[in-house]
Protein chains: 2
Amino acid sequence: MAEPTANEGQSLTRNQGAVLSALKGADKPLTAYDILGLPKIRKAGLKAPLTIYRALDKLMDQGLVHRIESLNAFVHCDHGPHDHATGFLICSDCGRTLEVHLDDCEDHLAGRAREQGFAVDAVKVEMTGRCPDCAAAEAARSRTS
Amino acid sequence: MAEPTANEGQSLTRNQGAVLSALKGADKPLTAYDILGLPKIRKAGLKAPLTIYRALDKLMDQGLVHRIESLNAFVHCDHGPHDHATGFLICSDCGRTLEVHLDDCEDHLAGRAREQGFAVDAVKVEMTGRCPDCAAAEAARSRTS
DNA sequence: CGGATAATGTTATTATATAACGTTTAAGGC
DNA sequence: GCCTTAAACGTTATATAATAACATTATCCG
């Protein structure tokens, strides 16, 4: 299923490469301005918001980066290129995200849309909650309080 | 029509009523600033963004209004209060939205999350595409071009 | 080469959302 | 009633997110 990530050496410009690298180095989604503030990025010569947004747009076109709507932030896609839409689990404590495959759920959702005459282009699923680590930490807190 | 009728026992404040009424009167999601710009709203004495956002927050708490993340906009919930999460179909042509029930799909999605140790609080689904009207209009255009 | 196309640089501006702090309003106990 | 208190509200300022407009440079390909 995981086709080799041939995408990467292929067609990224310097700016796009720098932004993708920044996202890969982060352990959670970054906003465009988070990225802009990284020393690595400043050193690479990127210094305007638009520069970041343009790189992000291209990276999203190629499926290498996803936008998390409810955070106005961006994450590196760690599943390789996929045609199936994916969903995100967003931890409201630590801000980290987990990517999950939608599988047949995507079809189910799109099917419901079509029942109403709606032509679906894209499906976005975002779930908020507590990640395993933060859920455990919370449980520990409530035991000792 | 202008009256914020008693919605489910919960009483709304003057500001909340005005904002809800504005959303009910719109045929598509409105941003906070869209709402702020409405004559009805200005006449009701609401004149700062924060006033609108505070009202929206309370309305969302009560499940009377939903936020569309990918539009940064808000819609009146026309399904009455529900504990089941709903999804939205968003027309990229006209900007109108359709609300759809997720039903068992919600459980399926939350189940996948739990498999990974994630405790889900909320599920958001947003689908982009063309509504029935705009899909028909597009088909007509392509026939005559 | 030379012309087209995509990417970038730069500045300014628009759009979206919240902070901070003081005042008013409304609900409930006595 | 009237006191207490929490919620809601008003106002100003500011933070955060995204795009507009236009000039310049790099890249592809005949």
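The nearest whole Å value for the distance from the CG atom in A:Leu12 to the C1' atom in D:dT27 is 15 Å. The distance from atom CG of A:Leu56 to atom P of C:dT8 is 12 Å, rounded to the nearest whole Å.
No option in B:Cys91, B:Cys131, B:Pro29 other than B:Pro29 meets the side chain to side chain contact (heavy atoms under 4.5 Å, CB included) test with B:Thr97.
We find the CG-CD1 distance between B:Asn15 and B:Ile41 to be 8.5 Å, quoted to the nearest 0.5 Å. The CG atom of B:Asp121 sits 11.5 Å away from the CG atom of A:Leu89 when rounded to the nearest 0.5 Å.
Within the 3.5 Å criterion, the main-chain N or O of B:Phe118 finds no donor-acceptor partner in the side chain of A:Arg130. Checked by atom type and distance alone, the side chain of B:Gln16 never pairs as donor or acceptor with a backbone atom of B:Lys58 at under 3.5 Å. B:Lys124 contributes a side-chain N or O that, together with a main-chain N or O of B:Arg67, makes up a donor-acceptor pair within less than 3.5 Å. Within the 3.5 Å criterion, the main-chain N or O of A:Arg54 finds no donor-acceptor partner in the side chain of A:Asp57. For the pair A:Thr86 (side chain) and A:Val100 (backbone), a donor-acceptor distance under 3.5 Å is absent.
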Fill in the blank from the handout: Whether each nucleotide of nucleotides 9-22 of chain D has a protein heavy atom under 4.0 Å at its base (B), only at its sugar-phosphate (S) or at neither (-) is summarised, 5' to 3', as BBB-----BBBBB-
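Inter-axis angle, ends of the helix from C:dC1-D:dG30 to C:dC30-D:dG1, five pairs per end, rounded to 10 degrees: 40°.
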